[in-house]
2 protein chains.
Amino acid sequence: MARSRPRSGPTMHDVAAAAGVSQATVSLVLNSASGSRFSDETRQRVNDAVQQLGYRTNAHAKTLREGISGIIGFLGDAVATTPFAGKIIEGAQERAWEDGLLLLTMNTGGDKALESASLDSMLSYKVAGVVYAGMYHRRLDVPEALEAVPSVVLNSQDRKLRLPSVAPDEELGGYTATRHLIEAGHTQVAMINIETLESELPAAVGRFNGYTKAMTEAGIPVSSGLVRFGTGNEDDGFTYATELLTSGNPPTAIFCANDRTAWGAYQAAAELHLSIPGDVSIVGFDNQETLAPHLRPGLTTLELPFVEMGRRAVDLILQGAEPDGRVEFMTCPLIERNSVTHPKEKP
Amino acid sequence: MARSRPRSGPTMHDVAAAAGVSQATVSLVLNSASGSRFSDETRQRVNDAVQQLGYRTNAHAKTLREGISGIIGFLGDAVATTPFAGKIIEGAQERAWEDGLLLLTMNTGGDKALESASLDSMLSYKVAGVVYAGMYHRRLDVPEALEAVPSVVLNSQDRKLRLPSVAPDEELGGYTATRHLIEAGHTQVAMINIETLESELPAAVGRFNGYTKAMTEAGIPVSSGLVRFGTGNEDDGFTYATELLTSGNPPTAIFCANDRTAWGAYQAAAELHLSIPGDVSIVGFDNQETLAPHLRPGLTTLELPFVEMGRRAVDLILQGAEPDGRVEFMTCPLIERNSVTHPKEKP
DNA sequence: ACGAATAACTGATACGAATAACCATTTGGC
DNA sequence: GCCAAATGGTTATTCGTATCAGTTATTCGT
C-alpha cells in the first residue's frame, strides 16, 4: 500500500478553525512584532493549534502578497563544481541564512543560453538578489537581466563596471607573500607566475605587482632572471623551479603564484636533493585544501578568502546593492606552515 | 540619481491589456498544450505583448495555484563545500534543469538544528522533493520531515531503510580495481584500506570485500601479510606502503583504497627508489581531480560516479520516490592512467 | 431556414497569507 | 452617566495565475 502523502499541509484556515478564531487572527498572532494586541489565551490557542497541526507557512502565498521572496539566486559558471571554490557557496549560504534566506543555485558551465534561461527562472521566483560568481578571478560580461534585482559579481569583476563586485586582493596577496620571504631574511626571491602579464588575468597581474612592490620597497631590484611565467600547473612549476635552482645564482626563496606550481617546485627540489625550507623557502598561493596541507613540509601559502567573499556578496545584496560598479577587494590571509625559514648563511 | 528599479515586472493583466484580450486568454495561450483553440492572430498579439513587456510568469502565483513548485531541495551535510563531491550537485542540477526545475541548496555542516530549520524552510517553499546528500558514503539518520515529500538519500544510506538511497557500489569498485591488477598479471596484490572493518564504513568494508572476492575468484589466497588498515591519509599510505615494499616478500601491486593513500604510496616508492609502475603497480580510489591526474605517473583509479548519482537521485524524485528503502548502487568506472603495468619477470 | 455544433473568447473564482478598515465590548475620566 | 479611548478581535480585499463554466458569433447539416 502506498503511503498516504498529504501534498499540501494545513493552512492558516485550518489553524484558525482548530483554534476557534479567524484566519486574520492567526496571521496576526504569528507575525505580530508584539505590535498588535491579543489575549494571552488566544495566542496560546493559536500556537497550540500550529504545533498540533504541524502548520508551516506557505512561502509562495507570502511572497505573492509581499512581492519579494526569501530566496537569493546564486548563478555561477562552475563554482559549485570547482574543487576549491565551493567555499564561496558556503559563505554566501551562511550569510543568507542569517537573514533566513535560502540560495537557489545554478551552475551554467559557461553556457550562455542556460545562463539566461536559469536567470529567467530565478527572476520568476522574485529572488531578493543574484550573486553572479566566476569560477576564477577575471573580468566578465554580465547578463543584462541581472540589473532587474540587486546583483553582485563575485570572485570576478563586471567588465562594464556596472554591478558591484567582490574579488580577492591579488596585489596585496602577492605583496604579503613576498614580504613574508623578505622578512625571513631572503633577498634572492624568485617568482614563478601562472600566466604572462599580457593575459590580463587579475591573479597573474596582481600577484606579480605585489611581488614587485615588496621587492622594490625593500630596495631589492627585480631581476628578470628571477622571474618565470608558467601556466599554473605542476609541470611548469617543476621546470622553472629546476631552471632557477640550477642557475648560476640560485634564489633562496621562490614565490609560486599558485599551489600547483609550488607542488612542481617541491618535486624539483626533491629531484635536486635540496631540502625545503632548509635550502629553499617556498610560498604558494590558493591554499588548496587537498594539496597545501598535505605536502611535506606543509606549504606556506596565501588563502583566497572564499567564505568571506561569499558572505560579503550576500551582504551587499541584502543592503540593496546599487549598481555602482564598485569593486571590493578582500584580503588574502597568509597561512603559515613549514615551507619558509631564513636563508642559509653563505659559507 | 538612483536607478529606477521596477521591483515587480508586468503581470498577465498588463499583457492582456496590451494585447487587447482578457487575462484568461493570456494564460491559456501561454500554457495551452495545444488543447484550447485561439486564432493565430490572437496568439500572435499575446506573444508580441509578452515580448514587448518582457513578461515573466510569477512562479509564486503559479505555485500557489498548483500546490507544487518547480524547486527541488538539496540538503547536504557538507557537500557543496567538500572538494570532490561538488560534482554531486552538478549532476542533480543538470537533471533537475532538464525538467525546468531549480535546486534550493543548503549545507548544514552536520548541524541538526540548522538542518531541521532549513528543511522546514524548503518545505514551506513546497519543493517537489528533497535530495539529502551525505558528504561521504555512510549510514545516516534522516530527518522525519523528509517523508512529507519525495526524498532520496544520496551518497549514503538511510539507516532506517525508509527512504530510497543512491550510493556508489564500493564492492564492485574494489573488485574492479583488484581484477585490473590481476589481469595485468599480478598475483602478489596488496591492499591498504582506509579504515578498519569494524568501522562499518561502507567504503572500507565494500572495497575490501571486492578485493577479497577478486583474489579468491582468481584462486589467490588473501594473505593478511598483504593487507593493511590505515586511516585514509597520505601518511598512512607512506607508512604501510613502505612496510609492504620492504618486507621479505613484497607485493608487485598495491590497491590503495583511496587516492590520498596512493599518494603516500607514491612517496614511499620514491623514497625506496622504486619506479611506478615498473617496480610496483598502484591503483587508487576516488579519482580526486586535484590529485590523481597530477601525480607522476598519472594514477589509475576508480571514479566515484558523483554526477551520475546526483542525476539519478533527482530522477527518482521526479518519478515520485516512494519510501521503499531501496538502495541503488552505482558503478564506479575505472580510470586508466599510467600507474599499472604487468609485473617484472622474476629473475 | 432553423436548431445544433463549433470556434473563439471572457468572467468569476480559488489558491494561502497579509493587512487595512471596521466592529463590539470594556474601561476610564470627570 | 455619558463620551472617549482602549481592548480584542473580525471582514473583506489583494497579490498573479489557472481553470471551470459560460457567452457570443459563426458555420453546418438537412
Side-chain angles (χ1 to χ4, degrees), chain A residues 6-47 49-50 53-70 100 120-121 123-127, chain B residues 6-47 49-50 53-70 100 120-121 123-127:
Chain A
R7 278 329 173 118
S8 26
T11 73
M12 271 196 178
H13 286 97
D14 301 328
V15 173
V21 297
S22 73
Q23 174 264 326
T25 299
V26 176
S27 175
L28 260 1
V29 165
L30 257 34
N31 299 326
S32 75
S34 75
S36 49
R37 57 283 158 82
F38 287 98
S39 69
D40 285 350
E41 200 223 311
T42 298
R43 289 181 189 287
Q44 194 56 50
R45 287 223 310 281
V46 168
N47 287 321
V50 164
L53 296 178
Y55 168 77
R56 214 176 338 246
T57 175
N58 180 319
H60 300 285
K62 182 172 182 143
T63 301
L64 180 56
R65 195 47 235 259
E66 303 192 328
I68 193 169
S69 77
D120 236 58
S121 187
L123 291 176
S124 79
Y125 277 104
K126 303 290 170 195
V127 290
Chain B
R7 278 330 173 117
S8 25
T11 73
M12 272 196 178
H13 286 97
D14 300 329
V15 173
V21 297
S22 74
Q23 174 265 325
T25 299
V26 176
S27 175
L28 291 172
V29 166
L30 258 35
N31 298 326
S32 75
S34 76
S36 49
R37 54 286 160 81
F38 286 97
S39 69
D40 285 351
E41 201 221 312
T42 299
R43 289 180 188 286
Q44 193 58 50
R45 287 220 312 280
V46 168
N47 286 321
V50 165
L53 295 178
Y55 169 78
R56 215 177 337 248
T57 172
N58 181 318
H60 300 286
K62 182 172 183 143
T63 302
L64 179 56
R65 192 51 233 255
E66 304 193 327
I68 192 169
S69 78
D120 235 59
S121 188
L123 292 177
S124 79
Y125 276 104
K126 303 291 169 193
V127 290

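Order of the sequence lines fixes the chain letters, A, B, ..., with proteins taken first and strands second; residue numbering starts at 1 for each chain.
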May I ask you to say what [X] touches in the nucleic acid, namely base, sugar-phosphate or nothing, with a heavy-atom cut-off under 4.0 Å?
X: A/V21; result: sugar-phosphate
X: B/T57; result: sugar-phosphate
X: A/T25; result: base
X: B/H13; result: base
X: A/S27; result: base
X: B/T63; result: nothing

Can you tell me how far apart [atom1] ([X]) and [atom2] ([Y]) are? Round to the nearest 0.5 Å.
X: B/N58; Y: A/L123; atom1: CG; atom2: CG; result: 11.5 Å
X: B/D120; Y: A/T57; atom1: CG; atom2: OG1; result: 10.5 Å
X: A/S22; Y: A/L28; atom1: OG; atom2: CG; result: 8.0 Å
X: B/R45; Y: B/T25; atom1: CZ; atom2: OG1; result: 9.5 Å

**Item:** Closest-nucleotide ordering on DNA chain C, the 5'-leading residue of A/M12 and B/A24
**Value:** B/A24
**Message:** I want to confirm an ordering. Mapping A/S22 and B/K62 to their closest nucleotides on DNA chain D, which one lands closer to the 5' end?
**Reply:** A/S22
**Message:** Looking at every heavy atom in both B/Y55 and B/T11, which two are closest together, and how far apart are they?
**Reply:** CE1-C, 3.6 Å
**Request:** Locate the shortest heavy-atom distance separating B/A18 from B/L53; write the atom from each residue and the value.
**Result:** CB-CD1, 4.1 Å
**Prompt:** A/V26 versus A/L30: any side-chain heavy-atom pair under 4.5 Å?
**Reply:** yes
**Message:** I'd like to check the side-chain contact (heavy atoms from CB on, under 4.5 Å) partners of B/S27; sequence neighbours left out, ordered by chain and number.
**Reply:** B/M12, B/Q23, B/N31
**Item:** Opening and closing nucleotides of DNA chain C in contact with chain A, under 4.0 Å to non-hydrogen atoms
**Value:** C/dG16 to C/dT19
**Prompt:** Do A/S69 side-chain atoms and A/K126 backbone N/O form a donor-acceptor pair below 3.5 Å?
**Reply:** yes
**Message:** Quick check for you: name the first and last nucleotides of DNA chain D, 5' to 3', having an atom under 4.0 Å from a heavy atom of chain A.
**Reply:** D/dT7 to D/dG16
Could you list the donor-acceptor pairs under 3.5 angstrom formed between side-chain atoms of residues 59-68 of chain B and any protein atom two or more places apart in sequence or on another chain?
{"unit_1": "B/H60", "atom_1": "ND1", "unit_2": "A/H60", "atom_2": "ND1", "d": "3.0"}
{"unit_1": "B/H60", "atom_1": "NE2", "unit_2": "A/Y125", "atom_2": "O", "d": "2.6"}
{"unit_1": "B/T63", "atom_1": "OG1", "unit_2": "B/A59", "atom_2": "O", "d": "2.7"}

**Fill in**
For A/D14, the salt bridge (charged side-chain N to carboxylate O under 4.0 Å, His left out) test, sequence neighbours excluded, returns none
**DNA chain D base-pair string [pairs: Watson-Crick or G-U under 3.5 Å; |: paired with another strand]** = ||||||||||||||||||||||||||||||
